[in-house]
Structures are given as structure tokens and as C-alpha cells.
Amino acid sequence: MGFVDYEVKDKIAIITINRPKALNALNSEVLDDLNAVLDGVDLEAVRCLILTGAGDKSFVAGADIGEMSTLTKAEGEAFGKKGNDIFRRLETFPIPVIAAINGFALGGGCEISMSCDFRICSENAMFGQPEVGLGITPGFGGTQRLARLIGAGMAKQLIYTARNIKADEALRIGLVNQVVALEELLPTAEKLASTIAKNAPIAVRACKKAINDGLEVDMDKAIEIEEKLFGSCFESEDQREGMANFLRKKDDPAKVKVVDFKNK
Ligand code: CAA
């Protein structure tokens with residue numbers, strides 16, 4: 001695929017935004033390619049995605065400033081919708097998506113990382129929403145997701161000042177879960193993804209949906225969402241096998257094995 005590479009490794013897949021000449025900035029073509037890659041994910045086989053950028057300098061340096069520079073009001077709105085639709089698709093994608101941030105994550109780059117389930121980054125990563133310095137607001141969900149992730153006060157400070165922050169500060173404010181050396185970034189992301197992929201896939205998907213959907217409603221409704229998804233797991237073979245495996249150890253501890261969950 002033109003600007004987006006896709007590689008499957010056992011039960012995990014790596015999506016790489018690959019437009020190094022522009023530090024992986026997101027123009028319409030990159031966004032279309034990303035959407036097409038998501039269309040092609042085999043949800044029977046793949047259990048966790050990793051999103052990263054090509055090279056060792058930049059994850060995604062934002063939306064493409066050249067493309068945006070001549071937009072009209074209506075075109076600006078449409079470009080925002082295009083990015084938002086794809087980022088929302090990523091956020092609600094049935095399986096977990098880990099952002100492995102290998103450098104600049106500015107503007108649309110910070111925003112796409114926030115559409116992933118969680119973020120790990122390399123020591124050279126840099127985050128920020130520099131849009132007000134360009135005369136615009138964040139346009140791919142930054143005003144909403146940053147405030148939800150790190151709190152309104154800290155998000156407002158970062159967005160209004162357009163200040164970039166380094167990996168250690170991103171860790172301190174809870175924007176990323178872990179900082180590792182650049183060469184350890186993909187191995188760490190793959191190890192995390194493999195750990196997730198070993199667990200019962202139907203249950204993992206249900207957890208993602210419960211957390212995402214639950215955060216959008218009040219606690220009474222959120223608990224109902226969890227109850228339904230919890231109940232739905234009892235229709236799966238993986239629940240029967242997972243629990244049977246636990247109970248077998250009561251008879252004979254030697255019988256306990258690592259369950260090979262079937263996604264059924
Ligand atoms: N859009 C288009 N091109 C970009 C780009 C972007 N967001 N970011 C970098 N590039 C291009 C540069 O124009 C340059 O291209 P040329 O070689 O053809 O001149 C190439 O990538 C390399 O960039 P630099 O020479 O600038 O590299 P640097 O190491 O000196 O600086 C940087 C790196 C600090 C990331 C700097 O490139 C930069 O500030 N980029 C813009 C970051 C930004 O403002 N992002 C937010 C965009 S607005 C947005 O995302 C809106 C939204 O929410 C939807």
C-alpha cells in the first residue's frame with residue numbers, strides 16, 4: 001500500500017505510516033491508505049495491532065501543512081471530518097491498537113496516537129499540539145482526546161501554549177504508559193501485543209468495548225454495558241475452556257496448561 005505498510009507476524013500486525021520525506025505527515029492519500037489497510041485486517045487471524053511510523057526520527061509530524069494551507073472553511077471542515085472518521089475507526093476498532101511512537105508525534109501525530117488504546121514511546125519522542133501557532137485548532141480530535149486523557153487543565157495549557165513536550169514529561173502526565181530506548185520500541189510493543197494476543201480474544205475485544213462505551217455514559221449505564229458484555233462471554237468456547245483449565249488443577253496441578261484460545 002502506497003504510504004502505509006502492513007505486516008502480519010503470527011497473531012499481531014504492524015501498521016507503519018511510511019512517508020519519510022515529510023516525516024510521515026498525514027495528507028489525504030496517507031489517510032486513505034490507512035483506511036484501506038484497516039479494511040484489510042483479518043479479524044479472525046489478527047488479535048492486536050501496532051501503529052508506528054517509518055524511520056527513527058518521526059512517528060507522525062502532523063497533518064500535512066502544505067495540503068491544509070489553501071483550504072476553504074468548508075474544505076477545512078471536510079478534511080477534519082476525514083481524519084476524525086478514520087481516527088474514530090481506529091479508536092473503536094474491534095481489537096486493541098498499541099501506538100509505538102518513534103519520534104515526533106505532533107498535531108495529527110499526537111492525535112492519531114491518542115486514538116490508539118495506549119501509547120508507548122522511544123526516548124526521542126516529542127509530543128505536542130502546535131496548531132494554534134499555525135492559526136488553527138487541533139482538528140483530528142486533539143481538543144477532545146487530550147482533555148479526556150490528561151485532564152482539561154493540562155490539555156488546555158499544552159494546546160493554548162503550543163508547547164512540545166519530551167517523552168519523560170509525556171510519561172509524567174499520563175500521555176504514554178512507557179518510555180524505552182528507540183531500538184527497544186518495536187520489540188517492547190510486539191511483546192505487549194503478543195501477551196494480549198495470548199488471552200481470550202473475544203474477552204479482550206469485549207473489554208475494549210466495555211471501557212470505550214462505558215466512558216461515554218454515566219456509571220449506571222456503564223455498568224449495564226459491562227454486564228451485557230460479561231454475559232456475552234459465556235457463549236464462547238474460550239470461556240468454557242479457560243475456566244475448565246483452571247478447575248482441572250484442583251484434580252491435578254500437572255494438568256494445567258497454557259490455553260490455546262480459539263477466538264470462538
Ligand atoms: N506537513 C507537511 N510537511 C511536513 C510536516 C507537516 N506537518 N512536518 C514536516 N514536514 C516536512 C518538512 O516540510 C520538510 O520537507 P522538505 O524537506 O521538503 O522541506 C520535511 O518534512 C522535514 O522536516 P524539517 O526539515 O522541518 O525537519 P526538522 O527536523 O528541522 O523539524 C519538525 C522537524 C519539528 C517536526 C518540523 O518539521 C515541524 O515543526 N513540522 C510541523 C509540525 C506541526 O506543526 N504539526 C502539526 C500540523 S497541524 C495538524 O496536525 C492539524 C490537525 O490537528 C489536523
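Atoms within each ligand, like the ligands themselves, are counted from 1 in listed order.
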*So do V4 and V30 actually touch side chain to side chain, heavy atoms under 4.5 Å?*
yes

Output for pair (L26 CG, M68 CE), nearest 0.5 Å, gives 9.5 Å

Ligand 1 atoms nearer than 4.0 angstrom to some heavy atom of K21 are 15 (O), 20 (C), 21 (O)

*Is ligand 1 less than 4.0 angstrom away from at least one heavy atom of M126?*
no

#### Entry: Close approach, Q129 and ligand 1, non-hydrogen under 4.0 angstrom
no

I'd like to know if the side chain of N18 pairs up with that of T16 as donor and acceptor (distance under 3.5 Å, no hydrogens or angles considered). no

Taking only non-hydrogen atoms of A22, do any sit less than 4.0 angstrom from ligand 1? yes

(Q) Does this structure show an ion pair linking K221 with D213, if we count only N-O contacts that are shorter than 4.0 Å? (A) no

Atom 1 (N) of ligand 1: closest protein heavy atom, distance to 0.1 Å, is I65 N, 2.9 Å

- Query: Are any non-hydrogen protein atoms located under 4.0 Å from atom 10 (N) of ligand 1?
  - Reply: yes

Find out whether F59 and C121 are in side-chain contact, i.e. whether some heavy atom of one side chain is under 4.5 Å from a heavy atom of the other. no

query = Is a salt bridge present between R172 and E169, judged by a nitrogen-to-oxygen distance below 4.0 Å?
reply = yes

Out of E131, E67, K57, the nearest non-hydrogen contact to atom 27 (O) of ligand 1 is supplied by K57

Tested for salt bridge (charged side-chain N to carboxylate O under 4.0 Å, His left out) against E91, the lone hit among R145, K208, K209 is R145

- Item | Distance-only N or O hit between ligand 1 and E111, under 3.5 Å | yes

heavy-atom search around atom 38 (C) of ligand 1 in the protein gives L106 CD1, 4.8 Å

Between N263 and P201 (side chain of the first, backbone of the second, donor and acceptor by atom type, cut-off under 3.5 Å), is there such a pair? no

- Message: What I want to know is whether I136 and ligand 1 share at least one N or O pair that is separated by under 3.5 angstrom.
- Response: no

One should read off an interatomic distance between C48 SG and L192 CG, to the nearest 0.5 angstrom, of 8.0 Å

Looking only at non-hydrogen atoms, the one of A61, A63, G107, G62 nearest atom 43 (C) of ligand 1 is A61

The protein heavy atom nearest to atom 31 (O) of ligand 1 is L23 CD1, 4.5 Å

- request: Kindly indicate whether atom 48 (S) of ligand 1 is approached by any protein heavy atom to under 4.0 angstrom.
  value: yes

For D64, the ligand 1 atoms with a heavy-atom partner under 4.0 Å come out as 1 (N), 2 (C)

I want to know if ligand 1 touches F104 in the polar sense, i.e. an N/O pair below 3.5 angstrom. no

ask   = How are the rings of F87 and F140 set relative to one another: parallel (under 30°), tilted (30 to 60°) or perpendicular (over 60°)?
value = perpendicular

Let me have the donor-acceptor pairs involving side chains of residues 176-188, under 3.5 Å, with sequence neighbours excluded, atom names and distances please.
from : atom 1 : to   : atom 2 : distance (Å)
T188 : OG1    : E184 : O      : 2.5

* To do: Kindly state if atom 16 (P) of ligand 1 has a protein heavy atom within a strict 4.0 Å cut-off, that is, under 4.0 Å?
  => no

Discussion item. So that I can tick it off, tell me whether R88 and D85 are bridged by a salt bridge, with the cut-off set at under 4.0 angstrom between side-chain N and carboxylate O.
Written reply: no

Checking V97, V37, T52 against I15 for side chain to side chain contact (heavy atoms under 4.5 Å, CB included), the one that qualifies is V37

Short version for L26: what comes under 4.0 Å of ligand 1, heavy atoms counted, is neither

A student checking ligand 1 against L134 at a 4.0 Å heavy-atom cut-off should list atoms 44 (O), 47 (C), 48 (S)

Determine, counting only non-hydrogen atoms of the protein, whether one lies under 4.0 angstrom from atom 13 (O) of ligand 1.
-> no

Report task. Could you tell me whether E75 and K82 have a side-chain N and a carboxylate O separated by less than 4.0 Å? Result -> no

Kindly indicate whether the side chain of E216, heavy atoms from C-beta on, has any atom under 4.5 Å from the side chain of I225.
no

Does some non-hydrogen atom of the protein lie less than 4.0 angstrom from atom 53 (O) of ligand 1? yes

Taking only non-hydrogen atoms of P138 and a 4.0 Å limit, the atoms of ligand 1 in range are 53 (O)

Practice item. Indicate yes or no: does an N/O atom of P130 lie under 3.5 Å from an N/O atom of ligand 1? Key: no

Here the atoms of ligand 1 under 4.0 Å from any heavy atom belonging to F140 are 53 (O), 54 (C)

Verify the contact flag for atom 36 (C) of ligand 1, where contact means a protein heavy atom under 4.0 Å away. no

Protein non-hydrogen atom below 4.0 angstrom of atom 23 (O) of ligand 1 present
yes

